**Q** 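Submitted below is the structure of interest, expressed as structure tokens.
Just so it is clear, the model here is predicted, and its values are computed rather than measured. What you see below is based on every heavy atom in this structure, not just the backbone, and it leaves out hydrogens, waters and symmetry mates.
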Amino acid sequence: MKNIFILLVALTISFQLNAQEWQTPAIEGYGQIKYYEKVAELPDTSLTYKMIFNIENEKEKEGVNVGLWKIARTLNLLKAGNVAHKKIDIVGVIHGEATYAILSHEEYKKRFKTQNPNMELLKLLKENGVTVFVCGQAMASRKIKKEDMNAYTEMALSALTVLPHYQLKGYALIP
């Protein structure tokens with residue numbers, strides 16, 4: 001009898017953990033999460049989350065740049081963890097192979113024969129207070145002009161200066 005009770009409790013707990021639905025509470029449609037309230041570590045709502053994301057490759061996840069997707073997931077986790085919007089300060093810096101993510105639809109289509117798949121996510125990130133910089137040096141080496149950029153990113157002199165600048169101001173580097 002005792003064994004049956006233990007088995008039923010274990011099955012109930014297992015079912016509840018697996019029944020948790022994927023969700024996107026902050027950035028609709030991107031960076032899905034499963035949120036669990038009873039875990040060893042949760043976001044600390046008393047802290048301010050200052051993070052800088054280093055986005056340097058063209059790898060994709062769910063059709064968008066994986067670095068941008070990771071920012072969306074982070075926002076979703078923090079929102080699900082009840083961290084106030086004013087306590088979230090996220091910056092992304094795009095460079096290297098990821099640089100083409102900052103192109104406008106028109107310029108992206110000229111170069112790759114399709115619209116920029118990152119545009120909607122970049123718009124949502126900006127609407128949620130995320131600043132996304134692009135490395136001017138990476139733009140120059142790829143012959144991208146400032147007027148080729150989309151409206152949701154800002155040009156910086158270099159990723160090599162943005163990354164340490166924000167780290168020196170207390171931002172955690174997220175590779």
**Q** Check whether any side-chain N or O of His105 sits under 3.5 Å from a backbone N or O of Asn116 as a donor-acceptor pair, and report yes or no.
**A**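 Pair found, side chain donor or acceptor close to backbone of Asn116.
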
**Q** Determine whether a donor-acceptor pair (N or O, by modelled atom type, separation under 3.5 Å) exists between the side chain of Gln115 and the backbone of Tyr108.
**A**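 Flag not set: sc Gln115 to bb Tyr108 has no pair under 3.5 Å.
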
**Q** Got Pro25 and Ile33 here, is their nearest side-chain heavy-atom distance under 4.5 Å?
**A**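 Yes - at least one pair of side-chain heavy atoms lies under 4.5 Å apart.
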
**Q** Is the backbone N or O of Leu163 less than 3.5 Å from a side-chain atom of Gln167, with the two atoms forming a donor-acceptor pair by type?
**A**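 Yes: the side chain of Gln167 pairs with the backbone of Leu163.
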
**Q** Among Ile52, Leu125, Ile71, find the residue that satisfies the side chain to side chain contact (heavy atoms under 4.5 Å, CB included) test when tested with Ile90.
**A**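 Of all the options given, the one that passes is Ile71.
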
**Q** Is it possible for you to say whether Ile88 and Tyr35 belong to one hydrophobic cluster, with membership spreading through side-chain heavy-atom contacts below 4.5 Å?
**A**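 Different clusters.
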
**Q** Are any side-chain N or O atoms of Lys87 and backbone N or O atoms of Ser46, one a donor and one an acceptor, separated by less than 3.5 Å?
**A**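 Yes: the side chain of Lys87 pairs with the backbone of Ser46.
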
**Q** Determine which pairs satisfy ring pair (Phe, Tyr, Trp, His ring centres under 6.0 Å) with at least one residue from residues 44-95, sequence neighbours left out, and list them in order.
**A**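 Every pair satisfying ring pair (Phe, Tyr, Trp, His ring centres under 6.0 Å) with a residue in residues 44-95: there are none.
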
**Q** Do Tyr36 and Leu42 belong together in a cluster built from hydrophobic side chains that touch within less than 4.5 Å?
**A**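 Yes; tracing contacts between hydrophobic side chains, which count when under 4.5 Å, links both residues.
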
**Q** Any chain of hydrophobic side-chain contacts (each under 4.5 Å) joining Ile27 to Val66?
**A**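 Per the 4.5 Å side-chain linkage, Ile27 and Val66 are not co-clustered.
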
**Q** Count I, L, V, M, F, W, Y as connected when their side-chain heavy atoms are under 4.5 Å apart, and connections chain through other members. Are Met51 and Leu47 then in the same cluster?
**A**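 Linked, Met51 and Leu47 end up in one cluster.
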
**Q** Starting from the C-alpha separation in whole Å, work towards a yes-or-no answer on side-chain contact (heavy atoms from CB on, under 4.5 Å) for Leu75 and Tyr30.
**A** CA-CA 10 Å; Leu75 285 168; Tyr30 298 97; over 6 Å; no

**Q** Quick one: does Ile94's side chain get under 4.5 Å of Glu56's, heavy atoms only?
**A**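 They are not in contact (no side-chain heavy atoms under 4.5 Å apart), so the answer is no.
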
**Q** If I compare all heavy atoms of Pro117 with all of Gly63, which pair ends up nearest, and what's the gap?
**A**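 That closest heavy-atom pairing would be CB-O, 3.4 Å.
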
**Q** Got a sec: does the CD of Glu147 have more than 12 other heavy atoms crowding it under 6.0 Å?
**A**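 Yes, CD of Glu147 has more than 12 neighbouring heavy atoms, counting only those of other groups under 6.0 Å.
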
**Q** Where does the angle between the aromatic ring planes of Tyr166 and Phe133 fall among parallel (under 30°), tilted (30 to 60°) and perpendicular (over 60°)?
**A**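 Ring orientation, 0 to 90° scale: tilted.
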
**Q** If I take atom CE from residue Met139 and atom CG from residue Asp148, how far apart are they, to the nearest 0.5 angstrom?
**A**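 So the gap between those two atoms works out to 7.0 Å.
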
**Q** Walk me through it: do Val132 and Glu154 pass the test side-chain contact (heavy atoms from CB on, under 4.5 Å)?
**A** CA-CA 6 Å; Val132 177; Glu154 298 179 41; over 6 Å; no

**Q** Is the shortest side-chain heavy-atom distance between Met119 and Leu124 below 4.5 Å?
**A**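 Side-chain contact under 4.5 Å: no.
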
**Q** Are the side chain of Thr24 and the backbone N or O of Gly29 linked by a donor-acceptor pair below 3.5 Å?
**A**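 Flag set: sc Thr24 to bb Gly29 pair under 3.5 Å.
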
**Q** Run the side-chain contact (heavy atoms from CB on, under 4.5 Å) test on Val130 and Val91 for me, step by step, so that the C-alpha distance in whole Å, both residues' side-chain angles and the decisive distance to 0.1 Å come before the verdict.
**A** CA-CA 6 Å; Val130 175; Val91 176; over 6 Å; no

**Q** Using atom types as modelled and distance alone, determine if a side-chain donor or acceptor of Asn150 lies under 3.5 Å from a backbone N or O of Thr153.
**A**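 Side chain of Asn150 to backbone of Thr153: a pair is present.
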
**Q** Only pairs at least two apart or in different chains count here, so list each salt bridge (charged side-chain N to carboxylate O under 4.0 Å, His left out) that has a residue in residues 122-131.
**A**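 Checked against salt bridge (charged side-chain N to carboxylate O under 4.0 Å, His left out) - neighbours excluded - the pairs reaching residues 122-131 are Lys123-Glu127.
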
**Q** What is the distance from atom NZ of Lys50 to atom NZ of Lys169, rounded to the nearest 0.5 Å?
**A**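 Lys50 atom NZ to Lys169 atom NZ measures 7.5 Å (nearest 0.5 Å).
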
**Q** Considering residues at least two apart in sequence or located in another chain, which fulfil the side chain to side chain donor-acceptor pair (under 3.5 Å) criterion with Glu28?
**A**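 For Glu28 there are no side chain to side chain donor-acceptor pair (under 3.5 Å) partners, ignoring immediate neighbours.
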
**Q** For a 4.5 angstrom cut-off between non-hydrogen side-chain atoms, does Met155 reach Met149?
**A**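 The answer is yes, as the side chains (C-beta and beyond) meet within the 4.5 Å cut-off.
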
**Q** Side chains of Ile174 and Thr74: closer than 4.5 Å at any heavy-atom pair?
**A**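 SC-SC contact between Ile174 and Thr74 ruled out.
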
**Q** Verify, without hydrogens or angle tests, whether Asn76 (side chain) and Ala72 (backbone) share a donor-acceptor contact under 3.5 angstrom.
**A**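 Here the side-chain-to-backbone pair exists.
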
**Q** Are Lys110 and Glu106 close enough, and set up right, to give a salt bridge (charged side-chain N to carboxylate O under 4.0 Å, His left out), and what steps lead you there?
**A** CA-CA 6 Å; Lys110 281 184 204 172; Glu106 298 76 24; over 6 Å; no

**Q** Between CG of Leu121 and CD of Glu62, what distance do you get to the nearest 0.5 Å?
**A**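 That separation rounds to 10.5 Å.
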
**Q** Between the side chain of Arg142 and the main-chain N/O of Gly96, is any donor-acceptor distance below 3.5 Å?
**A**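 Judged by distance alone, yes, a pair lies under 3.5 Å.
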
**Q** With a 4.5 Å limit on heavy-atom distance, are the side chains of Asn118 and Tyr100 in contact?
**A**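 No, their side chains stay 4.5 Å or more apart.
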
**Q** CG of Asn57 to CG of Asn65: how many Å apart, nearest 0.5 Å?
**A**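 One finds 6.5 Å between CG of Asn57 and CG of Asn65.
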
**Q** For a side-chain contact (heavy atoms from CB on, under 4.5 Å) check, start with the C-alpha distance between Ile55 and Val93, then their side-chain angles and the critical distance, and finish with the verdict.
**A** CA-CA 6 Å; Ile55 305 167; Val93 61; over 6 Å; no

**Q** State, with a plain yes or no, whether a side-chain heavy atom of Arg73 is found less than 4.5 Å away from one of Leu77.
**A**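 In contact.
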
**Q** State, to 0.1 Å, how close Ala101 and Leu122 come at their nearest heavy-atom pair, and which atoms those are.
**A**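 Taking every non-hydrogen atom into account, O-CD1, 3.5 Å.
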
**Q** Measure the CG-NE2 distance between Leu157 and His165 for me, rounded to the nearest 0.5 Å.
**A**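 Leu157 CG to His165 NE2: 12.0 Å, rounded to 0.5 Å.
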
**Q** Looking only at non-hydrogen atoms, find the nearest pair between Leu78 and Pro43 and report the distance.
**A**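 Here Leu78 and Pro43 meet closest at CD2-CB, 4.2 Å.
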
